[in-house]
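Inspection log for the structure reproduced underneath, given as structure tokens.
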Amino acid sequence: MRWSNLFIPTLREAPAEADAVNHRLLVRGGFIRQLQSGHYSMLPLGWRVHQKVGEVIRQEMDAIGGQEFLLPAMHQASLWQKSGRWDSMGDEMFRLTDRKGADLALGMTHEEVFATLSLELASYRDLPQIWYQIQWKFRDEPRPKAGLLRVREFAMKDSYSFDIDDEGLDSSFDMHHGAYQAIFSRLDLDAVPVQASSGAMGGSASVEFMVASPAGEDDVVQCGGCDYAANVERATAALEPIQNRVGSDAPESIPTPDIRTIKALSDAGHPPEHQIKTLVYRIDGSLVLILLRGDHAFLEQKFVDATGAIDLVPAEADEIRAALGASPGSLGAVGVTDLTIYADPALEGRSGMTTGANEDDVHLTGVDIARDIAVDRWLDMRGIEAGEPCASCGEALTITRCIEAGHIFKLGRKYSEAMGVSVLDAEGENRVPTMGSYGIGVGRAMAAIVETHHDDAGMIWPMCVAPFEVVLTVVKVDHEGSMAVAEAAHGELLAAGIDVLLDDRDGRPGVKFADSELIGIPLRVTIGPRGIDSGMLELTMRATGEQQDLPVGDLVTRVVELVHEGRSARL
RNA sequence: CGGGAUGUGGCGCAGCCUGGCAGCGCACCUGCUUUGGGAGCAGGGGGUCGGGAGUUCAAAUCUCCCCAUCCCGACCA
């Protein structure tokens, strides 16, 4: 391909609204353009990368026996009503109406559609199956952001496994686990598998593949001493033992004028670890109390995962006052019997605690949880913090910001049951197959690669997904010797199956070098009068900046060799 | 949805406070010179100043409403 004929609109400066690295570089490099928030056009370079990422995924899915499909993106409401997700997906799902007035949705995932197809599976002999597609998903994200990392319309490889029993599901799950590691390794993404919450999908085992990056949106807890790794949404840690303060026979009221925060109460002689934090939430319509140790944070996701709650919002000040008789800052659970009380296990066995008295400007001290508070349910719902000891080995835990590059989970029979799927087993009995669901966002993977593979000059693509594998930079296009060598090399490399880009633009060399670095082509061959006259060229590695002189005659073989090496590289 | 910010040629910005010719850099077009790290000179094209209403002799500038975009929090590939 000749640069002079291609549409590669590079920009010297990124648009002001582009903040994330992947966004800035992909826009500057002429890979993508934003149409509206969360919707991006793929330009030729971007689409080439997108397709190559898809191809890597496809190869590894095929390698575990996956079969590629392509399902409709638009679905009738009744399909989603059958699984119950028409209602449970809420505002996240794009909905529309056709001319007949029928309700439709744009697919967010395809459990329902694949499960419908699986109705044609009749016998245990038909199982297992692994079905996948790379298809556009639509999600009405509350806040699209960070370039391609979080968008409303994106290509996702989603696969679904169908097995007769749990053992089979385990095996399909493990195969996906392996395939995902292979995919991320080929994409040169250091993706760590971590235990995760299964969120809105439901299901049991759930593993996310996380790539460390400040642009990410998830925090991952990892242990330096063992292989424990989990999303903070479900991470646990060991508790450092705390000596209870001396108690009393009953809670005592103390005046605490204007003290409304944990911090203020702490300054008044009641350290956070000796306080009970009382939060009031309205959960699916009713008020509940959430009790945590003063220095612990409430993690809503843990609560949702454990209780199946759908609508979870902090209560308003006036409903709190109506229920408890005080305002936030002076709340407590002592004596409360008409609200459900959830408490974090870090409070178990604690006494000598300080908490609000449900009377403004008054707190209670000497509270013994077991004696004074009618806890209805103990629930791990605190967010752990860096430095806490690992529950299994005691080493300090670290927390790293990560991009969720992939997610695999065991769905069980939720969807197959809802769609009425069953097959006959060896005994002739009806059995509902168990399913797994596995996703990788293609554009997000691209973004993650850029986030982790760039320098001040621009992107640095791994060979296997680079839009072009080598760029032939002709320093002076009206120098006949240079162009002759470049044209010949271009033809031979094309014939050898190399993705070669010939920079034949009549421009200044500095611009051409800068552009080739910005768009991140792994190899650059500089062809100019300086070397050509003595039969030499210059080969530059984008990643390292390493340069080597090369006789004209060796150009093609050397490039082919390096490209082949790079294509098969694994992290 | 809560908090913060921004909207002026393709991109980056100034102008707004204090109303009075719509400007600068990059990019683009033409010519000449230049050519191994984002060239120089000369000439040139391109903007309903996010949209609507209002105030005023006069609005990019002041007022009100709306829209869009970005960032921080609650949700996910």
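Because the structure is predicted, anything quoted here is derived from the model rather than measured.
Per the geometry, CE belonging to M93(A) stands 16 Å off C1' belonging to C75(B), to the nearest Å. Remark: C1' of C72(B) and CZ of R401(A) are 11 Å apart, rounded to the nearest angstrom. Put simply, CG on D506(A) is 11 Å from P on C29(B), counting in whole angstrom units.
Taking the six-membered ring for Trp and thresholds of 30 and 60 degrees, F69(A) and F114(A) have ring planes more than 60 degrees apart, a perpendicular arrangement.
Using a 4.0 Å cut-off between charged nitrogen and carboxylate oxygen, R58(A) and E68(A) count as a salt-bridge pair. Remark: K145(A) engages E217(A) in a salt bridge, criterion side-chain N to carboxylate O under 4.0 Å. Between K414(A) and E111(A) no salt bridge is recorded (no basic side-chain N to carboxylate O distance below 4.0 Å).
Note on V151(A): a base of the nucleic acid sits closer than 4.0 angstrom, heavy atoms only. The residue Q135(A) sits apart from the nucleic acid: no heavy atom pair falls under 4.0 Å. Counting any heavy atom pair closer than 4.0 Å across all strands shown, P142(A) reaches a base atom. Contacts of E141(A) with the nucleic acid, taken as non-hydrogen atoms under 4.0 Å apart, include base atoms. Residue-level contact check: K145(A) touches the backbone only, with heavy atoms under 4.0 Å from sugar-phosphate atoms and none from bases.
Cation-pi check for R95(A) over W86(A) is met; the charged atom lies under 6.0 angstrom from the ring centroid and within 45 degrees of its normal. A cation-pi geometry, defined here as NZ or CZ lying under 6.0 Å from the six-membered ring centre and within 45° of its normal, holds between R48(A) and F468(A).
Nearest nucleotide to the P509(A) side chain, out of G12(B), G36(B), C75(B): G36(B). Residue Q34(A) places its side chain closer to C70(B) than to any other of C70(B), C72(B), A77(B). In the set U35(B), G12(B), G73(B), G12(B) carries the atom at the smallest distance from any side-chain atom of E17(A). Out of C75(B), G12(B), G36(B), the shortest distance to the side chain of P15(A) is found at G12(B). Checking C72(B), U35(B), C13(B) against the side-chain heavy atoms of D478(A) singles out U35(B) as nearest.
Going from the P atom of U35(B) to that of G40(B) covers 14 Å, rounded to whole Å. Comparing the P positions of C13(B) and U6(B) gives a spacing of 12 Å, expressed to the nearest Å. Taking the P atom of each, C71(B) and U33(B) are spaced 49 Å apart, rounded to whole Å. Look at the P atom in both U55(B) and C72(B): the space between them is 42 Å, to the nearest Å. The separation of C62(B) from A68(B), taken at their P atoms, amounts to 23 Å, rounded to a whole angstrom. Separating the C1' atom of G47(B) from that of C21(B) is a span of 15 Å, rounded to the nearest Å. Taking atom P in both C11(B) and G50(B), the straight-line distance is 13 Å, to the nearest Å. To the nearest whole angstrom, the two P atoms, one in C66(B) and one in C26(B), are 41 Å apart.
Residue-to-nucleotide contacts include a donor-acceptor pair under 3.5 Å from the side chain of R524(A) to the base of G37(B). Scanning atom types as modelled, one donor and one acceptor separated by under 3.5 angstrom connect the side chain of E538(A) and the base of G36(B). Put simply, the side chain of E13(A) and the base of G10(B) share no donor and acceptor less than 3.5 Å apart. Checked by distance alone, R150(A) brings a side-chain donor or acceptor within 3.5 Å of a matching partner on the base of C75(B).
The aromatic ring of F154(A) sits over the base of A77(B), with ring centres less than 5.5 Å apart and planes tilted by under 30°.
Contact annotation: S37(A) does not reach the phosphate of A68(B) (side-chain N/O to OP1 or OP2, under 4.0 Å). OP1 and OP2 of A74(B) both lie 4.0 Å or more from every side-chain N or O belonging to Q301(A). Remark: R530(A) is not in phosphate contact with U35(B), judged by side-chain N or O atoms under 4.0 Å from OP1 or OP2. Remark: R28(A) is not in phosphate contact with C11(B), judged by side-chain N or O atoms under 4.0 Å from OP1 or OP2.
One distance of note links CZ of R139(A) with CD of E92(A); it measures 7.0 Å at 0.5 Å rounding.
Across the strands present, C75(B) finds no partner; the criterion is a Watson-Crick or G-U wobble pair with both atom distances under 3.5 angstrom.
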